[in-house]
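The next block holds one structure in the form of structure tokens; read it before the comments.
Letters A, B, ... mirror the listed sequences (proteins, then strands); counts begin at 1.
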4 protein chains.
Amino acid sequence: MPGNTFGQLFRVTTAGESHGAANVVIVDGCPAGVALEIEDLRAELVRRRPGQSHLVTQRREADEPEIVAGVFEGRTTGSSIAVLVRNTDARSRDYVDIKDKYRPGHADFTYDAKFGFRDYRGGGRASARETVARVIAGAIAKKLIHDAFGGTIVGYVVQVGDVHASVTEPAAVVIEQVETLPDGSPNIVRCPHPEAARAMVELIERVRKELDSVGGVAEVVATGVPAGLGEPVFDKLKADLGKALFSIPAVLGVEYGVGFAGAALRGSQNNDLFVPVGEQQGVRPRIATTTNRHGGMLGGISSGMPIVLRAAVKPTSSLPREQSTVTSEGEPTTMRTTGRHDPCLLPRFVPIAEAMVAIVLADHWLRWCAQSQGHPRL
Amino acid sequence: MPGNTFGQLFRVTTAGESHGAANVVIVDGCPAGVALEIEDLRAELVRRRPGQSHLVTQRREADEPEIVAGVFEGRTTGSSIAVLVRNTDARSRDYVDIKDKYRPGHADFTYDAKFGFRDYRGGGRASARETVARVIAGAIAKKLIHDAFGGTIVGYVVQVGDVHASVTEPAAVVIEQVETLPDGSPNIVRCPHPEAARAMVELIERVRKELDSVGGVAEVVATGVPAGLGEPVFDKLKADLGKALFSIPAVLGVEYGVGFAGAALRGSQNNDLFVPVGEQQGVRPRIATTTNRHGGMLGGISSGMPIVLRAAVKPTSSLPREQSTVTSEGEPTTMRTTGRHDPCLLPRFVPIAEAMVAIVLADHWLRWCAQSQGHPRL
Amino acid sequence: MPGNTFGQLFRVTTAGESHGAANVVIVDGCPAGVALEIEDLRAELVRRRPGQSHLVTQRREADEPEIVAGVFEGRTTGSSIAVLVRNTDARSRDYVDIKDKYRPGHADFTYDAKFGFRDYRGGGRASARETVARVIAGAIAKKLIHDAFGGTIVGYVVQVGDVHASVTEPAAVVIEQVETLPDGSPNIVRCPHPEAARAMVELIERVRKELDSVGGVAEVVATGVPAGLGEPVFDKLKADLGKALFSIPAVLGVEYGVGFAGAALRGSQNNDLFVPVGEQQGVRPRIATTTNRHGGMLGGISSGMPIVLRAAVKPTSSLPREQSTVTSEGEPTTMRTTGRHDPCLLPRFVPIAEAMVAIVLADHWLRWCAQSQGHPRL
Amino acid sequence: MPGNTFGQLFRVTTAGESHGAANVVIVDGCPAGVALEIEDLRAELVRRRPGQSHLVTQRREADEPEIVAGVFEGRTTGSSIAVLVRNTDARSRDYVDIKDKYRPGHADFTYDAKFGFRDYRGGGRASARETVARVIAGAIAKKLIHDAFGGTIVGYVVQVGDVHASVTEPAAVVIEQVETLPDGSPNIVRCPHPEAARAMVELIERVRKELDSVGGVAEVVATGVPAGLGEPVFDKLKADLGKALFSIPAVLGVEYGVGFAGAALRGSQNNDLFVPVGEQQGVRPRIATTTNRHGGMLGGISSGMPIVLRAAVKPTSSLPREQSTVTSEGEPTTMRTTGRHDPCLLPRFVPIAEAMVAIVLADHWLRWCAQSQGHPRL
């Protein structure tokens, strides 16, 4: 099976290159009757859009979506939904110079090794431009899981370079904090901790001036997810979420709950203990855990506690400075990337990561509906 | 699609509970003509086997595989291969006490939430017993990728609790180091750094005496992998490897190459530079990178450099001490796990992680054979 | 994706050769809580078993199933179910003669062309022996669809050679008629029309004496299927049923409803007209059609009317008489099949065809449960 | 898995309604480097186009394809290919009358039963308009199989109502005969037998005048297909071809080779005998069969002989005459279809059937490339 499809029952198929005519996404399996307006898509695309602040690439794309199939009178029909986004600011001339050179850190070399040639304009299919399709599919998935079980997904930046934000209560972060600073100005770095946000902005401005880039870490939290999502043994929820995040360009690592820090712990420190919640005479209580080191998943199945994931994102590989490399013939050369790039990927990474998490949850929700023959235990 | 199948073209389907009659694996898609003896399977199973040292669970399983289909006269036929491993030391009585209690850190609660009831004996399908099937499939995958392109996979432990091993040259570690100490004795903790190995053993012995458990980190390295494996955009090699490792019980995080440490780097520090290798008059040189912070994958496609992954494994949730929890009715109670458990999962985790990496590489190898119509660029 | 798996959500994976150790089936995706006893499997296997009458192959197989995973205390657990059937009467010596010869009408030549070599014993994987696994999976599927919506599947023979049975009311045929004649004796040819059944038996006895074989047609009817099963546009119910039946060895053609005869009709003759059924004051009536030329599917989706399918089955290719052929080196030769074979495949084809139809309906039932988010419109 | 995707490795995903904005197809898995021009797509679309003759629907669609992704400098890139066809002559007002009525023979009722509501304009997703996407994907598949192994696919009409054409040598029919009559005029009914073609045209004209429609049978022949395509046991080539044809709207039956007629034959009449072909001193001969009753597939795997399939197509359900039916509330009513319809589907069915056969062969070709690890035995 080729690799441009994601998901089993909520199934996303995409096509599109950085400098081609358009990006296309077909979402198949979305149940009938979900209210869907073009505005739902725009609201998410604007968070991913290039040129949204001085911290990100200055490519100017309207990113205007067109729903061409699968929606009738404002509701999904149960058929496949197709959405189109035309590329409008694709300056291919920026890339002629790199036609025969392999940019360090990019997929130029590996695509040539795989396919024998490549669409070199802006990275072609390997460009993060393809994530526009993910965000559209994610917007549909967010609608579905919100309607189905009140699921909400919020992502934010917790690290840029050596600047760390301390977010002690992930499930309490709301999207308003991520998008807007306390003073009402746009939170262009999408870190919910205002001081850290300011330090991150400064760091990104500095690395840009230094003709460099910087990495970071984003955290994504899903709340309202019922216990029971995820499939033994290979399609554990953590496994599909892990794949979803790793499939995004530039992701170097993924963890959930206590993550890598858990390697240093004892079992007696790490286990979250079950307790009854909402005890009432004559009513069976809900079961929860007092702590959430398990990040909302036990045995790879959602526990009803908030799902908490983190992804490490590498510093942008494209640098506006000279780097040594080789030509496609293997001859040493040098190059300088002259396209328009983000000095730090994190601010625009947030909506993409949210989208992928939403798609996985929508998919596993439908899988659970099947498995339970219409009686998921909400 | 239900979750007991992994892979697209090298396709592994498993069944089996901790205390059921047997574990079964069907490997579909293995090309015809691969030499396969029962000994190939035994050699890997013995590395995963319970009771192999005093550091691991003392459950006594022969783990004797029987090939019941798909192999004829010592070679795979191209049909589906089925292998069976009977469970022989399943003491169900150990588990009657926990029938109605939710063990902290385990899937008891989430399975009940999902399925409405569960096979409570030893965790049923959620038990790590199912990994016996993964190791068998991995043994077949290892044969295939070795025959096809000389691919070799070596895993080892780099951290247990606060004991870290320094492995500066991952691709140079050989399986002999992992399995045997310099003095010829078995390397029961599977850390290739002898001093760290000793400290890890001591730590595990200590936590066991303390009726506790401890987590750790394993590293898996694949060498000999040609450039070109992995599929844009969702089935990136890193994405499928990420899923493969996250699908293993107890894995909390996965990273490759520089991993989470990359979040703190600048692009100028992180980019690996391309260089020609093996230059010779009149011959086009091979292309490599001087460093391998990218862990052998660029744009999610293998680069020809060693693939380096790490997985964080949680401390065993089963503890032979009293812990508070709830019953399935939500009433507070306490429990003590009386089954036989590993105080640290890492030594036995290594062959399982290797198996999953092998399966992904075998799968992507076949996908590349399809994509290139029989002309993969080795 | 390799070809030994069938279905999306009710997912059947099989392995096993005619003369290997065992046949294995893993059914993944069966919901938790379905009552399943070994007797449910035996009851179907006995209908497919060789040696059940003098009309069929005299190979003696106990066909004793063993459930090795996925069932706990008499109910499915929601995990993958594995069932094993050992081969006990595999006389490989019968086949040494054909090791290097291509039997006419068999897959010997095509398997060699595909895989480079083959398990020549009894046809290996190409033997109809593999259908034992289908019948087991079908028995589980039958339980599921009966529990879920009262679905019932009955198959029977309507043609053997030039003997045709007239079955004017397919949905009225019950399994008792198919298995037993009015006089209480076994209906060994599985034709519900007693006179035709007698003529078919006579014909089969005659062709066997003539060292020949004969083809036929079976009809399969599914009743109680709610309107709404089937997925636009490629996974129409008729498309998946068509594939299911074509996947059975020896099937040459498949049709539903009016079938090929519809090619000669006018639209005004062929359209089934909708009418209200069960009209009652204040209650919305059920909608049905007065006739069922559409065979229970419109637009590839079930209409609530009985689903009626027919499959043409070729005369057994193995003949106990001399036929000319070639060796694997392409040299002309002759051969005579000395194994044990059915002079007519139809009697044993019936339970196999029923099983495949049941699997498709179980699969689409679960797909509908997903699509409707737990509110299929029964 | 939802139903708008077809194929495993050559993977076609479509979206689009009869009266929506556009139809979209994404072809994923097409190898890199296949020459592909817009003209290749147009050439096939023109054969399927409405309004091409007085025998077919007079809806006027330009059917102008736009390749928006996956092709660079005239060659496929190995990434997903996306093609868009805008709907330009969608007269929705024709359908307002049927919003609340169920057209006999159509999917109106079953879509409502499944999805709870429907895009009633022109049948929405159930309209044959979606086949425009199939024809595009088929055009790409035809290029691939022709480049890969010289595979050629020709379809034609062999029956309309009671008019039968006698085509004794299916593999000898060339597309020119199908498209053009001996006198150079267009063969608007696509029957290669000129006299039968004339009679078919007359019949179709007559049924149209009678405000009726008529069914028929098409035959599709694939030549040049190497022995070895098809996967045991469920994904037999005949099974996937069967599904492909059954997935097309209005198909009632599918058969290959001798088909249903084989049910009446003896094994001694039906078996095709193997013979060496092209014998030459010192060279191993090719193996063929003297006859081709097996329709090019044995054991579900291609034999190297021409693949011959037939599909029965029902008479168009839309009739411009009054028919009785019910409303969505179940009340009896009458209706007359006022949209523009084909009095006989067969002439336009031919390119659609060819497309589906091409897609299956492309898919199985790539699967064989994988299975054989790059050494398919051509």
Side-chain angles (χ1 to χ4, degrees), chain B residues 1-3 5 7-11 13 26-34 69-70 72 76-82 141 143-151 226 228-236 299-301 361-378, chain D residues 1-3 5 7-11 13 26-34 69-70 72 76-82 141 143-151 226 228-236 299-301 361-378:
Chain B
M1 204 183 301
T5 293
Q8 301 296 336
L9 291 182
F10 188 91
R11 200 159 173 83
T13 302
I26 296 181
V27 174
D28 196 10
C30 184
V34 177
F72 180 58
T76 58
T77 60
S79 294
S80 41
I81 303 164
K143 295 280 291 190
L144 173 59
I145 64 174
H146 194 266
D147 288 5
F149 52 79
L229 267 61
E231 298 287 335
V233 295
F234 296 111
D235 293 352
K236 292 183 166 80
I301 298 178
L361 293 177
D363 192 38
H364 275 279
W365 162 249
L366 296 180
R367 293 171 77 169
W368 195 25
C369 287
Q371 196 282 324
S372 62
Q373 289 185 82
H375 302 291
R377 290 160 197 88
L378 293 182
Chain D
M1 204 182 301
T5 293
Q8 302 296 336
L9 291 181
F10 188 90
R11 200 159 173 82
T13 302
I26 296 181
V27 175
D28 197 10
C30 184
V34 177
F72 181 58
T76 58
T77 60
S79 294
S80 41
I81 304 165
K143 295 280 292 189
L144 173 60
I145 64 173
H146 194 266
D147 287 6
F149 53 79
L229 268 62
E231 299 286 336
V233 296
F234 296 111
D235 293 352
K236 291 183 167 79
I301 299 178
L361 293 177
D363 192 37
H364 275 279
W365 162 249
L366 296 179
R367 293 171 77 169
W368 195 25
C369 287
Q371 196 282 325
S372 62
Q373 290 185 81
H375 301 293
R377 289 160 196 89
L378 294 183

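To the nearest 0.5 Å, atom SG of residue C369(B) and atom CZ of residue R367(D) are 15.5 Å apart.
Remark: F234(B) engages F6(A) in a ring pair (Phe, Tyr, Trp, His ring centres under 6.0 Å) (not counting sequence neighbours).
For P31(D), the parts lying under 4.5 angstrom from a heavy atom of chain B are both the backbone and the side chain.
A370(B) and L9(D) get closest at one heavy-atom pair: CB-CD1, 3.7 Å.
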